[in-house]
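Below is one structure, written out as C-alpha cells; comments come after it.
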Amino acid sequence: MNRIVAGNWKMHLGPQAGYDLAVALANRIPDLQGIEVVVAPPFISLAAVRQGLQGSHIKLAAQNVFWEKQGAFTGEVSAAMLREAGCQYVIIGHSERRQLFGETDVGVNRKVCAALNNGLVPIVCVGETLAERDGGETAAVLERQVTRALLALTTDDIKRLVFAYEPVWAIGTGRAANVQMAVEVAVAIRDLVKGLFPDSDSIPVLYGGSVNPENAAQFASRPEISGALVGGASLQADAFTEIVRAFYKER
Ligand code: 13P
C-alpha cells in the first residue's frame, strides 16, 4: 500500500502564489517509490497549480466538492468539474467544514458517493473535539463519523477511499496527538471499516494535526499510520518536502 502525504493549503495561496509553491515542490520532490504526494489548493488556484506541477508526480486534490452534477447551486463545484480540472483526490468532511460550514455526516456521505462516481479518491476526515475526548466519547464519535461516511458504499468503493484522522484539538494548535494515540485511532478506524466490509482490504488512514518536519518521523515510523494530512507546514516548500522525505525514509 502506498503511503500518502497530502498538503491541505486551506484558504491560502491564490493562483500566482500557488503556482510558485507548486513549481518549488516539483523541483524538490522527485518521484518517490511507494509514496504519493498530493496538494490541495483552493479551487481558484487549481488550474495554476496544475500547471506548476507539470512534469512532476505530485497529484492534485480539492478541499471540498458538492454532490450534485450541475445546476443552480451558487458557489459550489461538482466532482466532474474537479476531474476536468485535473484533481485525483478530494478532501471531504474536514473538521473546519463540519464546524464552520455546518457539514453533516449525511452530507459527507453524499460527497463521498459523488467523488467515487466520478473517479476521485475521497480523503475523508474524521476526528473528535477536545470536549469529546475528555468526555470519553472518542470511540463513539469516530464510529458514527466512519459508519455514516460509508453508507451505501460497496467493497469495491472501499478500495478507492482514504481516511484521515484529524483530532480537532490538534489542528493548527501546534499540539499534535501523541503517536500512540494516532496509532490507536488508525487501527480502530481500520477495524471499523473491516467490520462493515469484511471482504475489503486494509484501508489507508492518514494522521493530521500539527504535523511538522520535527515530529513527522515519529508518525512515519509507525506502519499503522499510512501518511499525513498536513496544514500549516504544507505552505512552505522546504518543510513539506522534509515531511515527505520522513515518510519515504520510514516506509
Ligand atoms: P495543521 O497541520 O495546520 O495543524 O492542519 C492540519 C489540517 O487540518 C490538515 O487538513
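One-based numbering, in listed order, for ligands and for the atoms of each. This one's a predicted model, so the numbers in the text were calculated from it and none came from an experiment.
Those atoms of ligand 1 that come under 4.0 Å of a heavy atom in His94, given as number and element, are 7 (C), 8 (O), 9 (C), 10 (O). Close contacts between ligand 1 and Leu229 involve ligand atoms 9 (C), 10 (O) [criterion: under 4.0 Å to a heavy atom]. Of all atoms in ligand 1, numbered sequentially from 1 with element shown, those under 4.0 Å from a heavy atom of Ser210 are 1 (P), 2 (O), 4 (O). The contact set between ligand 1 and Ala170, taken as ligand atoms under 4.0 Å from a residue heavy atom, comprises 4 (O).
Under 3.5 Å, the side chains of Thr154 and Asp157 contain a donor-acceptor pair of N or O atoms. Counted by atom type alone, Asn64 and Lys111 present one or more donor-acceptor pairs between their side chains at under 3.5 Å.
In this structure, atom 6 (C) of ligand 1 lies nearest to the protein heavy atom Gly231 N, 3.7 Å. Gly172 N, 2.6 Å is the protein heavy atom nearest to atom 4 (O) of ligand 1. At the shortest separation from atom 9 (C) of ligand 1 among protein heavy atoms lies Glu166 OE2, 2.9 Å. When hydrogens are left out, the protein atom nearest atom 3 (O) of ligand 1 is Gly232 N, 2.8 Å; that is the closest non-hydrogen contact. The protein atom (non-hydrogen) at minimum distance from atom 5 (O) of ligand 1 is Lys10 NZ, 3.2 Å.
Contacts of Asn8 with ligand 1, taken as heavy-atom pairs under 4.0 Å, involve the side chain alone. Contact annotation for Ala233 and ligand 1: no heavy atom of the residue comes within less than 4.0 Å of the ligand.
Nearest approach of Val230 to Ala233, heavy atoms of both residues: CG1-CB, 3.7 Å. The two atoms that bring Tyr207 and Ala177 nearest to each other are OH-N, 2.8 Å, heavy atoms only.
Partner of Phe240 under the side chain to side chain contact (heavy atoms under 4.5 Å, CB included) criterion, chosen from Leu235, Ile29, Val211: Ile29. In summary, of the residues considered (Gln145, Arg148, Glu166, His94), a side chain to side chain contact (heavy atoms under 4.5 Å, CB included) with Val126 occurs for Gln145 alone.
Atom OG1 in Thr147 sits 5.0 Å away from atom CG in Leu196 (nearest 0.5 Å). With rounding to the nearest 0.5 Å, the separation of CH2 in Trp67 from CD in Glu76 is 8.0 Å.
Taking 4.0 Å as the cut-off, Ser95 does not count as a neighbour of ligand 1 on heavy-atom distance. Under a 4.0 Å heavy-atom criterion, Gly209 is in contact with ligand 1.
In this structure, the side chains of Gln63 and Phe43 stay at 4.5 Å or more apart for every pair of heavy atoms.
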